Chemist: 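Before I ask anything, here is the structure I am working with.
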Amino acid sequence: MRNMAKALEPSGEVRFQGLTVNEFSSGYDFSQAKSAGIEAVVLRATAGDDYTDARVSIAAQRVQEAGLRLGFYHYLTAENEEEARAQARFFAAAITGYDYALRPAMLFETLNGLSFDAANRIALAFLSDVESATGVAPVIYTDAESASLLWNRSIAERFPLWVIDESGGDAPMAGDSPWKGWVGWQYRRSLDPLCKSGGTPVSRFTAGMLTRQIVPPTPSEPSIGSDQKLICITVALGDTLSGIARLFGTTVDEIVRLNAIANPNRIYPGQRLYLRVAQTVPYPCCDAYTVRRGDTLSGIGARFGVDWRRLASINEIANANLILPGQTIKLGLCD
């Protein structure tokens, strides 16, 4: 049996804190929560294959009006892989249209007599289908004991961990977990004026909980030199970032930064990647960028070494704070 006395550390710097809310705990004043240091709220959107939380749309509106990051989780009740896929479709459809900034989450608390192997197969079916439907790898929202004893390494290698440990320690005691670290840790603290008996469940989150990694818009980001250009390639079956980097004379870190890749070990056939390469590389320059959820004009500019004001001018964007997923942005690097 795995050791339950070992602490699990965060996967990176803790960047913000959040609340988890369902319709039975949706009476929070989110503006007051923000003043108490809360920056995100994760709402239960759905449970099973036909239940949507009655207040989720109202709560989502209130969360965003308070200026907080929004996220959603699903309570999984499937007993086989087919049911898991149906629930994944149901969950993904329910959160489509919301501008959520946090990864979708799966809570799978009750095994109902399932073996550990069966539970992992069911969870994998759900998580994979949610990832396919949303384009974002979801997190596993689970207690510390399950993180240590239930979930297998193949799950942990693909999907981040949001661990629940409200025992009062300085870190979640997740034992010999297959995860190397957590992107979220739910604990309890007094959160006045939201304080309830025993404190309020609050989560610490790293940037890994976000649908898009935090890319600070600093002027120090490297720009395209006269001896370089930006190109686009399509990932083929069997490609790896290290192989692509060697082939085009760049680095894995540069490809990860330029494309805001959350997991360098996960790229997909058909995926489009931007590369900064020498002018002599026989590929045409490519500077059309499609906005994704969570993008900002300053963030796009920082990644590609273009001032956001220039992007606004080139694309005739009147409001630099308003860009939409699916919108095409010309970077002005191929002129």
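Quick caveat, the model's predicted, so the values are computed rather than measured.
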Chemist: Could you tell me how the ring of H74 sits relative to the ring of F91: parallel (under 30°), tilted (30 to 60°) or perpendicular (over 60°)?
Modeler: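 Rings of H74 and F91: tilted, 30 to 60°.
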
Chemist: Check this for me, if you would: do R257 and E254 make a salt bridge, where the nitrogen-to-carboxylate-oxygen distance has to be below 4.0 angstrom?
Modeler: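 Counted as a salt bridge, because a side-chain N and a carboxylate O are separated by less than 4.0 Å.
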
Chemist: Using atom types as modelled and distance alone, determine if a side-chain donor or acceptor of Q87 lies under 3.5 Å from a backbone N or O of F126.
Modeler: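 It does not hold such a pair.
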
Chemist: Are any side-chain N or O atoms of S313 and backbone N or O atoms of R309, one a donor and one an acceptor, separated by less than 3.5 Å?
Modeler: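 Side chain of S313 to backbone of R309: no pair is present.
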
Chemist: Are L111 and I140 linked, directly or through other ILVMFWY residues, by side chains that come within less than 4.5 angstrom of each other?
Modeler: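 L111 and I140: one cluster.
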
Chemist: With the side chain counted from C-beta on, respond yes when K330 and D287 share a heavy-atom pair under 4.5 Å apart, and no when they do not.
Modeler: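 A side-chain contact exists here, since the closest heavy-atom pair is under 4.5 Å.
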
Chemist: Does L150 form a side chain to side chain contact (heavy atoms under 4.5 Å, CB included) with T142? I'd like the steps, not just the answer.
Modeler: CA-CA 10 Å; L150 170 58; T142 190; 5.6 Å; no

Chemist: Just checking, is any N or O donor in the side chain of Y274 or R272 under 3.5 Å from an acceptor N or O on the other one?
Modeler: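 Their side chains do contain a donor-acceptor pair, which is all the 3.5 Å distance test asks for.
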
Chemist: Please give me the minimum heavy-atom distance between R15 and A207, naming the atom from each residue.
Modeler: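 Looking at all heavy atoms of both residues, the closest pair is CG-N, 3.7 Å.
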
Chemist: Pair T20, Q186 - check side chain to side chain contact (heavy atoms under 4.5 Å, CB included), show working.
Modeler: CA-CA 9 Å; T20 307; Q186 180 175 302; 3.5 Å; yes

Chemist: Any side-chain donor-acceptor pair under 3.5 Å between D253 and T251?
Modeler: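 Checked: D253/T251 side chains show no N/O donor-acceptor pair below 3.5 Å.
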
Chemist: If only atom types and distance count, is the side chain of N120 paired as donor or acceptor with the main-chain N or O of N152 below 3.5 Å?
Modeler: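 Present.
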
Chemist: Do P201 and R188 have side chains that approach each other closer than 4.5 Å (heavy atoms only, starting at C-beta)?
Modeler: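 Contact flag for P201/R188 side chains = yes.
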
Chemist: Kindly indicate whether the side chain of L102, heavy atoms from C-beta on, has any atom under 4.5 Å from the side chain of L210.
Modeler: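 The answer is yes, as the side chains (C-beta and beyond) meet within the 4.5 Å cut-off.
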
Chemist: Could you measure the distance from the OH atom of Y289 to the CG atom of L333? Nearest 0.5 Å is fine.
Modeler: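 Result: 13.5 Å between the selected atoms.
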
Chemist: So if you build clusters from Ile, Leu, Val, Met, Phe, Trp, Tyr with side-chain heavy-atom gaps below 4.5 Å, do V136 and V139 land together?
Modeler: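 No; V139 is not reachable from V136 via cluster members.
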
Chemist: Rounded to the nearest 0.5 Å, what separates atom CD in E145 from atom OG in S177?
Modeler: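 One finds 13.0 Å between CD of E145 and OG of S177.
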
Chemist: Any chance you could measure T46, atom OG1, to R44, atom CZ, to the nearest 0.5 Å?
Modeler: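 Reported to 0.5 Å precision, the distance equals 8.5 Å.
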
Chemist: Between the side chain of R310 and the main-chain N/O of G332, is any donor-acceptor distance below 3.5 Å?
Modeler: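 Yes: the side chain of R310 pairs with the backbone of G332.
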
Chemist: For a 4.5 angstrom cut-off between non-hydrogen side-chain atoms, does L8 reach D165?
Modeler: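 The answer is no; the side chains never approach within 4.5 Å.
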
Chemist: As a test of understanding, state which of E83, E82, E81 forms a salt bridge (charged side-chain N to carboxylate O under 4.0 Å, His left out) with R121.
Modeler: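 The single option meeting the salt bridge (charged side-chain N to carboxylate O under 4.0 Å, His left out) with R121 is E81.
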
Chemist: How are the rings of Y98 and F72 set to each other: parallel, tilted or perpendicular (split at 30° and 60°)?
Modeler: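 Y98 and F72: tilted rings.
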
Chemist: Only one of V306, N319, I317 forms a side chain to side chain contact (heavy atoms under 4.5 Å, CB included) with L297, so which one is it?
Modeler: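 In the set V306, N319, I317, the residue that makes a side chain to side chain contact (heavy atoms under 4.5 Å, CB included) with L297 is I317.
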
Chemist: If only atom types and distance count, is the side chain of W179 paired as donor or acceptor with the main-chain N or O of F159 below 3.5 Å?
Modeler: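 Present.
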
Chemist: Measuring from atom CD of Q61 to atom CZ of R55, what distance do you get when rounded to the nearest 0.5 angstrom?
Modeler: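 Going from CD on Q61 over to CZ on R55, the span is 11.5 Å.
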
Chemist: Find out whether I300 and I323 are in side-chain contact, i.e. whether some heavy atom of one side chain is under 4.5 Å from a heavy atom of the other.
Modeler: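 Heavy-atom side-chain distance check passes, below 4.5 Å.
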
Chemist: Under the side chain to side chain contact (heavy atoms under 4.5 Å, CB included) criterion, do Y187 and Q17 qualify, and how do the steps go?
Modeler: CA-CA 11 Å; Y187 64 109; Q17 297 193 82; 2.5 Å; yes

Chemist: Check for a donor-acceptor pair, side chain of D53 on one end and backbone N or O of V56 on the other, with a separation under 3.5 Å.
Modeler: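 No; judged by distance alone, with no hydrogens or angles, the pair does not exist.
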
Chemist: Using the ring centroid of each side chain, check whether Y283 and F248 are separated by less than 6.0 Å.
Modeler: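 Yes, close enough.
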
Chemist: Closest approach of T206 and S11, non-hydrogen atoms and distance?
Modeler: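 That closest heavy-atom pairing would be OG1-OG, 3.5 Å.
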
Chemist: When you measure from the side chain of W185 to the backbone N and O of A171, does any donor-acceptor pair fall under 3.5 Å?
Modeler: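 No: the side chain of W185 does not pair with the backbone of A171.
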
Chemist: Please say which of R103, R204, M209 ends up in a side chain to side chain contact (heavy atoms under 4.5 Å, CB included) with V183.
Modeler: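 Testing V183 for a side chain to side chain contact (heavy atoms under 4.5 Å, CB included) against R103, R204, M209 leaves exactly one candidate, M209.
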
Chemist: Anything under 30° is parallel, anything over 60° is perpendicular, the rest tilted; go ahead and classify W162 against F205.
Modeler: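 Because their plane-to-plane angle is over 60°, the rings of W162 and F205 count as perpendicular.
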
Chemist: Please determine whether side chain to side chain contact (heavy atoms under 4.5 Å, CB included) holds for the pair L275 and V281, giving the CA-CA distance in whole Å, both sets of side-chain angles, and the decisive distance to 0.1 Å.
Modeler: CA-CA 11 Å; L275 305 179; V281 172; over 6 Å; no

Chemist: Do the side chain of N259 and the main chain of I261 share a donor and acceptor less than 3.5 angstrom apart?
Modeler: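 Checking the backbone N and O of I261 against the side chain of N259, no donor-acceptor pair under 3.5 Å is found.
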
Chemist: Side chains of Y75 and N22: is there a donor and an acceptor less than 3.5 Å apart?
Modeler: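 Distance-only check fails for Y75 and N22.
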
Chemist: Which atom names give the shortest non-hydrogen contact between K34 and A66, and what distance separates them?
Modeler: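 In terms of heavy atoms, the two residues are closest at CD-O, 3.1 Å.
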
Chemist: Taking all non-hydrogen atoms of both residues, which atom of P178 and which atom of A147 are closest, and how far apart?
Modeler: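 Taking every non-hydrogen atom into account, CD-O, 3.4 Å.
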
Chemist: Going from CG on L107 to OG on S146, what distance comes out if it is rounded to the nearest 0.5 angstrom?
Modeler: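 The CG atom of L107 sits 9.5 Å away from the OG atom of S146.
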
Chemist: Nearest 0.5 Å, what's the OG1-CG distance between T234 and D239?
Modeler: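 It is 10.0 Å, given to the nearest 0.5 Å.
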
Chemist: Are there over 12 heavy-atom neighbours, none belonging to E316, within less than 6.0 Å of that residue's CD?
Modeler: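 Atom CD in E316 is not packed in, count stays at 12 or less.
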
Chemist: Nearest heavy-atom pair of A47 and F90: which atoms, and what distance?
Modeler: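 Heavy atoms of A47 and F90 come nearest at O-CE2, 4.2 Å.
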
Chemist: Can you find a heavy atom in the side chain of Y141 that is under 4.5 Å from one in the side chain of L76?
Modeler: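 Side-chain contact under 4.5 Å: no.
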
Chemist: Taking C-beta and beyond as the side chain, do L70 and D99 meet within less than 4.5 Å on heavy atoms?
Modeler: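 SC-SC contact between L70 and D99 ruled out.
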
Chemist: Is it true that the SG atoms of C334 and C285 are less than 2.5 Å apart?
Modeler: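 Yes - the two cysteines, C334 and C285, have SG atoms within less than 2.5 Å of each other.
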
Chemist: Is it true that atom OH of Y51 has more than 12 heavy atoms of other residues, nucleotides or ligands lying nearer than 6.0 Å?
Modeler: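 Atom OH in Y51 is crowded, with more than 12 foreign heavy atoms closer than 6.0 Å.
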
Chemist: Answer with yes or no whether the side chains of N112 and T110 bring together a donor and an acceptor at under 3.5 Å.
Modeler: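 Short answer, no.
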
Chemist: Hey, is CG on L237 packed in by over 12 heavy atoms from elsewhere, all under 6.0 Å?
Modeler: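 No, not enclosed.
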
Chemist: Report yes if some heavy atom in the side chain of T250 is under 4.5 Å from a heavy atom in the side chain of L258; otherwise report no.
Modeler: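 In short, these two side chains do not touch, never coming nearer than 4.5 Å.
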
Chemist: Check for me, please, whether I231 and L247 land in the same ILVMFWY cluster - side-chain distances under 4.5 Å, paths through other members count.
Modeler: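 Yes; tracing contacts between hydrophobic side chains, which count when under 4.5 Å, links both residues.
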
Chemist: Which heavy atom in L43 sits nearest to a heavy atom in A60, and how many Å separate them?
Modeler: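 Looking at all heavy atoms of both residues, the closest pair is CD1-N, 3.4 Å.
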
Chemist: Side-chain heavy atoms under 4.5 angstrom apart, residues restricted to Ile, Leu, Val, Met, Phe, Trp, Tyr: same cluster for F116 and L124?
Modeler: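 Shared cluster, yes.
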
Chemist: Would you indicate whether D170, at its atom CG, is surrounded by more than 12 heavy atoms from other residues, nucleotides or ligands within a distance under 6.0 Å?
Modeler: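 Not more than 12 within 6.0 Å, no.
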
